[in-house]
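To start, the structure itself, in structure tokens.
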Amino acid sequence: MRETFSRVYGPAPGLRVFRGPGRVNLIGEHTDYNLGFVLPMALDMACFIATAPNADGKLRVRSEDLDQSREWAVADLAALQPAHDWGDYVAGVAQQVVRLGFDVAPANLLIRSTVPVGSGLSSSAALETSTALALLAGRPLEKIELVKLCRRAENEFVGMPCGIMDQYISVFGRERAAVKIDCRSLGHEMVHLPEGVEILAVNTMVKHELGQSAYRNRVRECAEAVAAIGSVASLRDVDVAMFEAAAERIEPVARKRARHVVTEDARVEDFMAASNRGDLKAMGELFVASHRSLQHDYEVSCEELDFLVDTALSVPGVFGARMTGGGFGGCTVNLVAPEAVAAFEGAIRDSYQARFGITPQVYRCKPSAGACEVK
Ligand code: ADP
Ligand code: MG
């Protein structure tokens, strides 16, 4: 990135580069803002930010991927208002850094990301965590505080009421392991997946507009279910038996949403147990159950995602498939026997191309380390 940086901003002897990874969530979808369990892994696809100080009082940022630039006076960051575009992710993080009591030094930033943007692999959290590290420039901050800072930027400045999963895994990602996160205690444990399985993400290449408003509605519907159940603080406090006992009191739509969340939390625990005993068949079945629940109860899937899942399940050697991320487009995640990967990729490409006229991208997912400086 050094060459591009010099071309954009001029020579930069003090250049530093920071990296924040994207993620794929294996199971535990739409559970994080209900304070439940999630099981993501950080990817080797990541956002890289090169940064060097400047002497003109500005925070300047260029996204190579979008071929666009933004700039703010450092002195204005504390009171800045969102502009409702990609710059908000950078400005929002900068504002939170200031609010934590760190000064943001005038700097030029260059962004280059290998995380597909807007595809459910969390290019946004990758951008936030790499930005936060670039702005902190080596000043120490507890990892969990870094996570919370980035989430606040997305909640309060970007205006997306997301849970904590994406920022958490982008910071706490580990090589060779998925990470089970308890979104209430904010503790985690590593989960080493069994041998004999590849994790493949398949990109629908679509993002339906409905996603943003539906997300807000789901957050609200879950709160309605909590209120109807009574004497609980979140759906995390509700297990399957409790849900069934209270189901009649919950209005039908909120009831379906709650049923997804409550059963999905249970599936995360079951998936972990299945993984620990190397039971790929059970892991695959839990993937499919998760997808059906998101499709029919939570209603955040779409035609393209359902098609990719159904097609995957017809390919020999596929243990399971499900949508991953918020939904309404983005990616599926698939558990595939290593010897079946080539046939899987071919079958998925041909069928999707024939049905939708779009070539889906397939990514081999390798669990990777969390955000860090690239030396
Ligand atoms: P996801 O996190 O699943 O990729 P989001 O809609 O949450 O999808 O975040 C995507 C948004 O993040 C983009 O629309 C853009 O505003 C911002 N973003 C992500 N990566 C980049 C990048 N490399 N350059 C500029 N903005 C980016
Ligand atoms: Mg995102």
Side-chain angles (χ1 to χ4, degrees), residues 22-40 116-125 154-155 158-166 169 181 183 201-226 234-236 238 243 250-268 271 286-313 320-334 352 356 360:
R23 61 103 187 92
V24 64
N25 188 25
L26 294 181
I27 195 161
E29 214 65 75
H30 286 277
T31 46
D32 62 346
Y33 54 84
N34 289 298
L35 307 186
F37 301 114
V38 293
L39 184 58
V117 173
S119 299
L121 301 181
S122 204
S123 67
S124 58
E154 187 148 348
N155 287 169
V158 177
M160 176 68 181
C162 62
I164 204 157
M165 169 171 66
D166 298 357
I169 188 64
I181 304 166
C183 298
V202 182
N203 194 342
T204 60
M205 317 300 282
V206 302
K207 184 179 185 176
H208 297 296
E209 273 312 310
L210 198 60
Q212 272 250 334
S213 60
Y215 196 98
R216 277 168 225 288
N217 291 341
R218 296 302 175 274
V219 173
R220 183 175 45 74
E221 288 154 357
C222 289
E224 283 167 20
V226 167
S234 72
L235 289 176
R236 164 60 182 277
V238 181
F243 165 76
I250 316 171
E251 171 278 320
V253 172
R255 187 193 306 156
K256 290 209 291 185
R257 309 304 188 231
R259 184 165 60 203
H260 164 71
V261 174
V262 168
T263 57
E264 184 78 353
D265 273 336
R267 279 187 290 271
V268 176
F271 185 91
L286 288 159
F287 258 41
V288 178
S290 169
H291 185 77
R292 297 305 173 210
S293 178
L294 289 156
Q295 180 181 6
H296 301 300
D297 274 351
Y298 220 63
E299 296 183 283
V300 290
S301 188
C302 62
E303 205 188 343
E304 292 88 350
L305 286 167
D306 294 339
F307 182 86
L308 282 181
V309 167
D310 293 336
T311 306
L313 296 179
R322 57 179 290 276
M323 57 158 275
T324 186
F328 299 102
C331 287
T332 62
V333 57
N334 303 265
Y352 196 77
F356 295 103

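Please read all numbers here as calculations on a predicted model, not as lab measurements.
Annotation: side chain of Val24 is not in contact with side chain of Cys331 (no heavy-atom distance under 4.5 Å). At least one side-chain heavy atom of Val300 sits less than 4.5 Å from a side-chain heavy atom of Met323. The shortest distance between side-chain heavy atoms of Val333 and Asn25 does not fall below 4.5 Å. The shortest side-chain heavy-atom distance between Leu235 and Phe243 does not fall under the 4.5 Å cut-off. Considering only heavy atoms from C-beta on, Cys183 stays 4.5 Å or farther from Thr31 through its side chain.
In this structure, the separation between CD on Gln212 and NZ on Lys207 is 7.0 Å, given to the nearest 0.5 Å. For the atom pair CD (Glu299) and CG (Asn217), the distance works out to 11.5 Å, reported to the nearest 0.5 Å. Interatomic distance, Arg236 CZ to Asp32 CG, rounded to the nearest 0.5 Å: 12.5 Å. Taken from CD in Glu29 to CG in Leu294, the straight-line distance is 6.0 Å, to the nearest 0.5 Å. Atom-to-atom distance recorded for Leu286:CG and Leu26:CG is 12.0 Å, nearest 0.5 angstrom. Considering CG of Leu308 and CG of Leu313, their distance stands at 10.5 Å, rounded to 0.5 Å.
A donor-acceptor pair is defined here as one N or O able to donate and one able to accept, closer than 3.5 Å; no such pair exists between the side chain of Ser119 and the backbone of Gly330. Asn155 places a side-chain N or O within donor-acceptor distance of the main-chain N or O of Cys162, the cut-off being under 3.5 Å. With hydrogens and angles disregarded, no donor-acceptor distance shorter than 3.5 Å links the side chain of Asp166 to the backbone of Ser122.
Between His260 and His30, the two ring planes are perpendicular [angle over 60°; tilted spans 30° to 60°].
Taking all atoms of both residues into account, the shortest heavy-atom contact from Gly118 to Ser123 is N-OG, 3.5 Å. The heavy-atom pair separating Cys302 from Gly329 by the smallest distance is SG-N, 3.4 Å. Minimum interatomic distance between Val202 and Pro360 (heavy atoms only, all atoms of both residues): CG1-CB, 3.9 Å. In terms of heavy atoms, Val219 sits closest to Pro161 at CG2-O, 4.3 Å. Looking at every heavy atom in both residues, Val38 comes nearest to Gly28 through CG1-O, 3.2 Å. The minimum heavy-atom distance linking Pro40 with Ile181 is given by the pair CG-CD1, 3.9 Å.
At a cut-off of 3.5 Å, with distance as the only test, no side-chain donor of Arg267 or Ser290 sits close to an acceptor on the other residue.
Partner Glu221 forms a side-chain hydrogen bond (donor to acceptor under 3.5 Å, both in side chains) with one of Arg257, Lys256, Arg216 and no other, that one being Arg257. None of Phe328, Tyr298, Tyr33 except one satisfies the ring-ring contact (aromatic ring centres under 6.0 Å, His included) rule with Tyr215; the exception is Tyr33. Between Arg292 and the choices Asp306, Asp310, Asp297, the salt bridge (Lys or Arg N to Asp or Glu O under 4.0 Å) rule is met once, by Asp310.
Residues passing the salt bridge (Lys or Arg N to Asp or Glu O under 4.0 Å) test with Glu154, sequence neighbours excluded: none. Residues that satisfy the ring-ring contact (aromatic ring centres under 6.0 Å, His included) test with Tyr352, not counting sequence neighbours, are Phe356.
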